[in-house]
Amino acid sequence: MSAVVACLLALRDQFVSHAGEGWTCGLPQNGRMHTMGFPGRENGQVTQNSEAREDGKQMETTLQKASRSPAMSEPSSVISRPELSSTSRHAGRNFHEVFQLRQGGYSDLPSSKISDMMKSTSLDNAPTQSLLSVVNGILDEIIERKNGEIPYHLAFLLRKIVLEVERRISTQAEHIRNQNNLMKAREEKYKSRIRVLEALASGKIHVSSNATNGKAHVAAEPVHQMKMEKDKFEEKKQLLEEDLTKLTKDKESVTRMTKDKEDMARFLNDKEDIIRLMKEKEEMARLMKEKEDTVSLKKGKDGDRNQSADEHIAKPIMYKDELISLMKEKENYKVTIMKLKLELEAMKSSCEKSHSLLETKNEDVLNLLKDKENSGNIISQLRQELATARRSHETYIQDLKTTALQENRDFEQRIKEVELKLEDSTKRGRHLEELLESRIKTWERKEIMLNQFVGVQMQNIQDLRLSSVSIRHEIQNCQKRWSEELSGLGQSLKVLANASEKYHATLEENRKLFNEVQELKGNIRVFCRIRPFLCNEDHKSSTTEITGDNGELILANPAKIGKEGNKLFKFNKVLGPTTSQDEVFKDIQPLVRSVLDGYNVCIFAYGQTGSGKTYTMV
Ligand SMILES: Nc1ncnc2c1ncn2[C@@H]1O[C@H](COP(=O)(O)OP(=O)(O)OP(=O)(O)O)[C@@H](O)[C@H]1O
């Protein structure tokens, strides 16, 4: 197709350059005039050349636009699309007439018809078939003629039509491509919807997924909300369970501490027992000391007493040993008591701390237990809500499943329809591509022919240039002659003007005289017309009329005698039964002329019914 455009551009350039060189066309080839001229050449006006140049320029801009456009789809018409649509109906009715070739060849067409065909509205609204038939017709003519002669305006028309057809083909191809893309996008959309619906039906929908348009998204929203609520509830439940485990742990620690407390109390009891024992021991030690003192006093007083007394002495020694050991034990006990006291104090302080901690823990435990009760209530409520929500969710899912199935079926059906349409459109596309290829081939053939035609035309142009020079000389001679003749004509025109003035004066005078004659004939004239007997009338039953000259009429009545039998009447004129309508009009004609001269005239008929008034007037 681009090759055709390039060829047409070259053709245009050649034509325009020739037009710029003062190529007046319409000049004879081989010494004879043919229709190579611009459309207005027939009128003999040289200004048509500028029109042709403008047309050429317009064509140039249109061609440049068409060739620059990548899709070649810009409208070649100067008229905008809305204007076209408004005029398209009217134009649609006329384009058949415009592009119809009634008789003869395209080269024989008048320039007005060609300009009609070249109008952008006609081209835009003409069916492609008609345009192609015109192109074929022109090319056939070129082939038939063999010498390649073709009028220049036909070449222009051919170029315009070729451009229009090319534009249409490119726009159609673009349209088909767009339709294909649209179909694919729709298919993708439907597929994604089906996927969403399937996911919905199986309950595996991910709200964050990208298939979020249309009904699927709307259906996924309540499910998502319910899921969120469920998650929240589970989180709460988990927190409560954690609190519960914490509480149990605290409880265990509290029980452990109470055990420790009990142990501590037991230990304190033991300690008190030990203290009590220590006191008893001290008492015992004191008693032993007193006893020793009393024994030492008795020793001094009774020196010589008997050996039995030695035995008594040996006994306190034994006690002394025991006492020493007891003292040692006592000291040990003292140390341990001190240690125990310290431990006891530490234990007391820790016990107090643990006691206060225990109290706070107890309070916490109580609070936690209350919370637990509350949360238990909340959990039961939430469980109920969850159960109801689950039920509603199940019903909703059921509904969704049914709708999804329905939608699935619908979508499958639609997909089938779309697939069918797609197949159809691809078939159409293939068909159009084939058509396009075949057309490209034909256009290539036509391009070759056009090239040949251009060669021939170039030759013609050379001839035309030569002949144009001779014609120019002829025109100059003619102009000289015409100026001489015009000066002669001016003089004769002056004479004629004088004569016409005289003629008008005479005419006026004549008119006046004529009307005077009419007045002289009589301002009031009475004519009598006697109509002939009609077929159904009895000739004998009527009176006899005798017309005299000078407008006299005598009526004879045989039934009466004397003067009564013959009565004389006088009129301006009497028209007998044989008088024709033309004769009657000859008498009226001068009055008609007076009316045209501006005089008032009245003509009326009088007589009895059926006497012939209407007949005469009409
Ligand atoms: N000069 C004539 N030659 C032949 N036929 C005539 C002539 N005059 C009248 N007639 C015929 O006589 C008949 C009556 O004529 P017409 O209708 O003109 O009469 P009229 O006076 O206009 O009647 P009315 O007063 O009823 O309108 C028509 O059929 C017409 O053709």
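Atoms within each ligand, like the ligands themselves, are counted from 1 in listed order.
For Thr616, no heavy-atom contact with ligand 1 is shorter than 4.0 Å.
If you take CD1 on Ile471 and CG on Leu466, they are separated by 12.0 Å, rounding to the nearest 0.5 Å. In this structure, CG in Asn180 is found 6.0 Å from CG in Leu422, a value given to the nearest 0.5 Å. Note that the NZ atom of Lys184 and the CD atom of Glu187 stand 9.0 Å from one another [nearest 0.5 Å].
Inclusion of Pro577 in the set of residues having an N or O under 3.5 Å from an N or O of ligand 1 is not warranted. Considering backbone and side-chain N/O of Gly612, one or more are found under 3.5 Å from N/O of ligand 1.
Within the 4.0 Å cut-off (strictly below), a protein heavy atom is located near atom 11 (C) of ligand 1. Protein heavy atoms all stay at least 4.0 Å away from atom 29 (O) of ligand 1.
Among all heavy-atom pairs drawn from Arg531 and Leu534, the shortest one is NH1-CG, 3.4 Å.
Contact check on Arg177 versus Glu174 returns a salt bridge, with a Lys/Arg side-chain nitrogen under 4.0 Å from an Asp/Glu carboxylate oxygen. Ion pairing between Arg511 and Glu508 holds under the 4.0 Å rule for side-chain N and carboxylate O. Here Glu484 does not pair with Arg481 in a salt bridge; the nearest charged N to carboxylate O distance is not below 4.0 Å.
Remark: minimum distance from atom 25 (O) of ligand 1 to any protein heavy atom is reached at Lys613 NZ, 2.8 Å. Of the protein's non-hydrogen atoms, Thr609 CG2, 2.8 Å is the one closest to atom 26 (O) of ligand 1. In terms of protein heavy-atom proximity, atom 3 (N) of ligand 1 is closest to Pro532 CD, 3.2 Å. In this structure, the protein non-hydrogen atom closest to atom 14 (C) of ligand 1 is Gly610 O, 3.6 Å. Protein heavy atom in closest approach to atom 13 (C) of ligand 1: Leu534 CD1, 4.0 Å.
For ligand 1, the atoms lying closer than 4.0 Å to a non-hydrogen atom of Gln608 are 21 (O). Shown in contact with Arg529 at under 4.0 Å from a heavy atom are these atoms of ligand 1, numbered in order with element: 1 (N). The distance from ligand 1 to the heavy atoms of Thr614 drops below 4.0 Å at these ligand atoms: 18 (O), 22 (O), 27 (O).
Residues Ser594 and Phe514 form a side-chain contact, since some pair of their non-hydrogen atoms from C-beta on lies under 4.5 Å apart. Using a 4.5 Å cut-off on side-chain heavy atoms (C-beta onward), Arg472 and Ile475 make no contact.
Taking each of Tyr615, Phe533, Tyr606 in turn, the one with a heavy atom nearest to atom 6 (C) of ligand 1 proves to be Tyr615.
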